[in-house]
Every structure is written in structure tokens, then in C-alpha cells.
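On a predicted model such as this, the values are computed, not experimentally measured, just so you know. Side chains are part of it too, since the values below use all heavy atoms of this structure and drop only hydrogens, waters and symmetry mates. Per chain, numbering begins at 1; letters A, B, ... match sequence-line order.
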Number of protein chains: 2
Amino acid sequence: MSVKDRFGHIPAVMVGDKFDSYVEMHAIGLHNRVQGGISGVARQGAESIVISGGYEDDQDFGNEIIYTGQGGRNEAGKHISDQQLKRGNQALVVSEIEGLPLRVIRGADRNNKFAPETGYRYDGLFRVESHWWETGKSGFKVWRFRLLELDGGAVENVNSGGPTEPTPAGNNTMPARVSSTVQRIVRDTTLARYLKYYYDHKCQVCGTRLESAGGPYIEAAHVRALGRPHDGPDDWGNIICLCPNHHVMFDLGIFSIADDFSLIGIDGKLNVKNGHIIGLEHLAYHREHFLNPLNKTLPES
Amino acid sequence: MSVKDRFGHIPAVMVGDKFDSYVEMHAIGLHNRVQGGISGVARQGAESIVISGGYEDDQDFGNEIIYTGQGGRNEAGKHISDQQLKRGNQALVVSEIEGLPLRVIRGADRNNKFAPETGYRYDGLFRVESHWWETGKSGFKVWRFRLLELDGGAVENVNSGGPTEPTPAGNNTMPARVSSTVQRIVRDTTLARYLKYYYDHKCQVCGTRLESAGGPYIEAAHVRALGRPHDGPDDWGNIICLCPNHHVMFDLGIFSIADDFSLIGIDGKLNVKNGHIIGLEHLAYHREHFLNPLNKTLPES
DNA sequence: ACCATCGCCGTG
DNA sequence: CACGGCGATGGT
């Protein structure tokens, strides 16, 4: 992927920067549309949106936004048909599935206390947490997206209902609940994204490819984990493509991989394509530190 | 589960509270050991640890701790055998798998700048992010655990190597990298934990049970999502037990569930045990809002 | 009933 | 301050 990445921050544009018009944002590369709220490519993901009060159903909570998809309206802005899961809507689903960062730009809107008074303002990166559809008052279907702000831990404070439970201990025994029992926070690199396409979004262990309406889902896994103390590199030779089940199994050491790519712990062999050179030293590291040792004590039940 | 929960904050104990001795922490229920760094039950999870410099291999970075397991040492504290994955060590693995919060207490240690000068201090809740084993200088095996602080978004700032990349945009196109391509942040409720045991850690769709050395892995999924705008309840009738693959598929609307528990979108039927009363209104909500509609546009490849 | 434990308080 | 013995508690 020598193509430069459309996703994430734009050089020289700071969070909070203001703009007068769409064309200005288009010229600088912040929002690649002269008209239209969603900028993106259907099967590759969305890179930016503008929220400017065009849809009454939108809800803005600052670090959390409920955003409405595009389409299904006539020139007068009236809903006359179901919104389809294509173009910008599908792009947002792909962004959710691939974990891509989404630039959010707020336009002036008197009814939104988070909007600027005039013009447009770049408000930083969000992620698409989920999508669903609703049948509006018009009787037609609309797509909706829940966006959560990245960075600064704002995501942690997005709770259902009332104000966030205070951090200090005192009353209850569990930490404040978040919106889901399991949160998959995917922060994708360009590299990981390319790997997924390279393997056609199929698990290198079992070939599974999870097909959603928005596109296929698969996960990129580091062989030698990034960060302390493993300090694995974030490069081509250190990532493999796994379905969620095998990703969990790999991280928990239920199986590992031999130098000839046969699997240890479970039957099978890792499917490795020609151009994908996996670092054998990383495989060795995983075997030496993560594979369940023979002296393990198995739980009784 | 009428048993009171050992996990999470302790009533009346605030983060930062100080104590003079183990017996004091034991009396108040903060750390259920008179001697011993890890408090927990092997197959049920660990609820608290004390880090006080007893192990030289421990590394403390404030919101990130590399903690060493127990065992394999003689009375003089010398390593004389491999550490086994049982007792406290297995309890920490279960806490990782189940996503349980871990109370962290720091004891005085001149070599640790995050430790209190004297006595012990309750430093709040962490999660067990991963575990692995190393062969120490003694030639014997030790278990290690990576702990990340919960709350306040401190976790977001834990990067490998140098200082955290500044939040404002400017140079690169991707958000700051975190330690893993996929982060599973599991915040478990007592309810969800009980459900997992109720179904013997088996997926209600495919019966899969992922067996790690520390114990089985499964995920609890909300049928109607918590939080805005769905506002599903966090109760027994709104959670089901799914393997990671089917959890992703359910959240993405690849399949849904009919009132007779037959699956829509894929073949099969949800296995529902007698005592588990699932709210049919929640199933209906999922079908009405998340199941991929028929007018979906499938990706070409 | 046994056993293991990142403590604790004496001595030197 | 290092070392050794004492010691209770809860998991196994």
C-alpha cells in the first residue's frame, strides 16, 4: 500500500481548527467532499463526516454522537424510500469493522451546544462503535451509527443514563459499567489493514471469513506483542490474520506455530501466502513465552 | 449468585487510603491474606495483589505493572523449581479471561518511585491484560502478568518505548499506536460471570468452549445493547453466552434470533437452558434493528 | 488435614 | 540491616 493513507489526522490541521466552507475543507484534504456529510469509499471505509444539523435524528453528546446515514431523501430532504447500506453508509460500517479512525467536523447548528457558532470546526478522531437501522416516522428505514471519541479516555466516560459514577471507591463492588460486556477497541494500522486484504479476510488457521452486510470481518494479530516488555515490531513479519476465536486462542497460548507453520496445541497448519514473510524469531518468541507449558495444571471442569 | 462479590472496590476504602500492615488490610477485607501477594481462588479469579518489592523482576510504570507469579521458591526466597500455573497464578489467568477487576496495593519499596514511603496504599483497580512465562536467571520458569490500570483512561496512554505521542494532529495519519491490534476490554458484571458458569463456558450457538491452561474462555453478549440509544437492561434476560466469532456475528447483524430461538441468517438454534428466561422483546429489538436487512448490498469480493 | 505464602518481630 | 524462626489464615 504505497497509496498515502486517507485516514486519521491531516498534517497541519489541529483539533479545533475552524473553516468557513466545504470547499476550504476540501482543498486542504480534511473532507473530501464538496457536498455530502460522509466522505469515504464504500468498501474501503469512511475517513470523515460533517455533522451540521441536516438530520433531525442526529444526537450529539460531545464525546458520543448518534449519526444518521445518507440517502432515501428527495431534493426537498423528505424521506421517500429506505436508506441502502451502500456508499457512505457502507463505508461507515467498514470503518467500524476495520477499526478505522473517523475525522469528525461539526458545522454551525443552533440546536447543538457542541457545534461552533459559525462555519465548521475540526473536532478530532472518533471510532464507529456500532450501527443499526430504524424505521423513522416516515415509515422508511434509516441507518444509524454510534460514534465514540478517540484519545483522552473520553470513551471511558460514556455511560448509559445518568452521570458517570465517581471514580473513588465507596459504594459498589464493580467498576462503572460501559456500554457493552465486551468492547473490541480496534486500532488498525495501515499494515494490518493491508494484511487483511492480502488474505481476503480469511483466517490463516481455519479459513473462516465472517460476512456482514457491510463487508467481511477479520482480525490482525501480532505474533510478538507490541509494548513492554515484549516490544514486538509493528511490521509485516509480525502480524497474522485470524478469526476472533483463533485470535483469542493464540493470545492465550492454546496454540502456537512451528517454524514450518504447523500448529502446536491444535491440529492444522498456518496458511501463509508467498509474499508474506513471517519472522521466525517472532514465532519462536511466542512458543517460548505464550504456548501453554506441559506442566500446566488443567482445571477440573 | 447470592454470594457477595469479592471483586472490585471495597466499601469505605478509597483509592489512596493507607494501611500499616497486612493484618489491617485483611481485617477490612481489602486483601484476604495475612501473608502472600496474591489473594484469590485458582479457578474463580484473583481479587487483589500486593506489590512490595519482594520480587526483583517486577516492573512498575504507574498505570502499567509487570507482576511476577508465586511459587517455586524456598523459604529463603530462592528459586529452586518452576512456578506452576495454579493457586494465585491460575487465579490471575482466570481474572484475565473473565475480565475481572483486580485491586492493586503498593507496599513501601525504596526502589519503586510509585510505592508509598511507608506501609501500604490502595491504588485502585487494574485489569490483567496478558500473561506469559519466562525462564529466569536461575534457569527456572516464572509466570508474569501485565496489569493495566482501569478508569481515567490511563490505559490509553500506555505505549511502548518513548513518551506518548502528543494528542494534537500535525504529523502522522494514524492515531497513536497502542499495545495490541485488538484490545479486548472486558468489564464483567457478576451477572455475566454467572451466565458463563451456567452454560459451562460453551457458546449457545455452536457449543464451542475454548480451553486454555488457566481455564475456559467465553464471552457474555448483550442482546439489546446497553447505553444510548438502545438502553438495554443489564439483567439476566438480556445476556447470552457466545464464542468470540458468534459474538462478532451477532453484533454485526449477520444473524439474529427468532422467538422460538431458531437462528435467522445462519442455520441452527440457540441452546437455551431451563432457568434462563430471555426477554423476547430484546430478541425482537435485535431483529428489528441489527439483523441485516434483505435490501443489503453485499460486497463483491 | 495439609500446605503454601511478596509478613513480622526478634536477635546478631 | 540481614537473617532466621515463628505464625495465622484460607485455599486445596
Side-chain angles (χ1 to χ4, degrees), chain A residues 229 295-301, chain B residues 1 3-7 10 18-62 64-95 97-98 100 102-124 126 128 131-134 136-138 140-147 193 197 213-215:
Chain A
N295 66 13
K296 68 188 175 185
T297 301
L298 278 176
E300 288 176 9
S301 175
Chain B
M1 231 183 213
V3 190
K4 74 173 190 296
D5 212 320
R6 310 190 313 270
F7 303 96
I10 293 294
K18 296 195 68 179
F19 305 88
D20 289 330
S21 68
Y22 259 59
V23 289
E24 195 180 338
M25 295 190 291
H26 177 267
I28 204 169
L30 185 66
H31 188 64
N32 197 30
R33 288 288 180 284
V34 170
Q35 187 178 357
I38 306 170
S39 174
V41 182
R43 276 177 282 138
Q44 325 232 333
E47 71 268 10
S48 62
I49 61 160
V50 176
I51 173 170
S52 54
Y55 283 82
E56 290 183 3
D57 289 339
D58 286 349
Q59 290 174 276
D60 197 337
F61 304 101
E64 175 187 1
I65 296 170
I66 311 295
Y67 192 75
T68 306
Q70 66 184 196
R73 308 199 302 177
N74 64 11
E75 293 171 354
K78 217 173 138 73
H79 280 284
I80 56 169
S81 64
D82 287 347
Q83 289 187 350
Q84 308 288 309
L85 195 56
K86 55 187 190 184
R87 294 177 176 275
N89 299 341
Q90 187 177 3
L92 283 170
V93 174
V94 170
S95 287
I97 286 176
E98 301 277 334
L100 298 170
L102 179 74
R103 292 190 293 274
V104 168
I105 299 143
R106 284 191 175 91
D109 177 10
R110 283 165 309 161
N111 299 322
N112 183 355
K113 67 172 182 175
F114 297 103
E117 293 190 1
T118 60
Y120 300 89
R121 187 186 61 219
Y122 176 49
D123 282 346
F126 284 60
V128 184
H131 73 280
W132 66 97
W133 47 272
E134 294 176 4
K137 299 166 191 167
S138 60
F140 295 106
K141 198 172 292 177
V142 296
W143 286 97
R144 314 210 69 196
F145 301 88
R146 188 161 180 260
L147 315 176
R193 203 142 33 89
Y197 281 93

Which part of the nucleic acid does B/Tyr55 contact within heavy-atom distance under 4.0 Å: base, sugar-phosphate only, or nothing? base
Nearest-nucleotide comparison on DNA chain D, the residue closer to the 5′ end among B/Ala42 and B/Val34: B/Val34
Would you say D/dA8 has OP1 or OP2 under 4.0 Å from some side-chain N or O of B/His26? no
B/Arg146 versus B/Val128: any side-chain heavy-atom pair under 4.5 Å? no
If you count heavy atoms of other groups shown closer than 6.0 angstrom to CD of B/Glu56, is the number above 12? no
Are OP1 or OP2 of C/dC8 and a side-chain N or O of B/Tyr120 less than 4.0 angstrom apart? yes
For the pair made of NZ in B/Lys78 and P in C/dA4, what is the distance, rounded to whole Å? 20 Å
Base, sugar-phosphate, or nothing for B/Gly40, non-hydrogen atoms under 4.0 angstrom? sugar-phosphate
For atom CZ of B/Arg43 and atom P of D/dG11, their distance in whole Å: 13 Å
Under 6.0 Å between ring centres, would you say that holds for B/Phe61 and B/Phe114? no
Does B/Arg103 qualify as a cation-pi partner of B/Phe7, given the criterion of NZ or CZ under 6.0 Å from the six-membered ring centre and within 45 degrees of its axis? no
What is the distance from CD of B/Gln84 to C1' of C/dA4, rounded to the nearest Å? 13 Å
Searching all strands shown, indicate the nucleotide that pairs with D/dG7 (Watson-Crick or G-U wobble; both distances under 3.5 Å). none
So B/Gly54, base contact, sugar-phosphate only, or nothing? Heavy-atom distance under 4.0 Å. base
What is the separation between atom CD on B/Gln44 and atom P on D/dG10, rounded to the nearest whole Å? 16 Å
By the 4.0 Å heavy-atom rule, please label B/Ser21 as base, sugar-phosphate, or nothing. sugar-phosphate
The side chain of B/Ser52 lies closest to which of these nucleotides: C/dC6, D/dT12, C/dC8? C/dC6
Integer-rounded Å distance: D/dG7 P and B/Tyr22 OH: 20 Å
Nearest whole Å is fine: how far is D/dT9 P from B/Gln70 CD? 19 Å
Please give me the minimum heavy-atom distance between B/Ser39 and B/Glu47, naming the atom from each residue. OG-OE2, 2.7 Å
Could you tell me how far apart B/Asp60 (CG) and C/dC6 (P) are, to the nearest whole angstrom? 17 Å
By nearest-heavy-atom nucleotide on DNA chain D, the more 5' of B/Gln35 and B/Gly88 is B/Gln35
Please determine, for the side chain of B/Val41, which listed nucleotide (D/dG11, D/dC1, C/dT5) has the closest atom? D/dG11
Could you check whether B/Ala76 gets within reach of a base, just the sugar-phosphate, or nothing at all, counting any heavy atom under 4.0 Å? nothing
Taken to the nearest whole Å, CD/B/Glu75 to C1'/C/dT5 is 11 Å
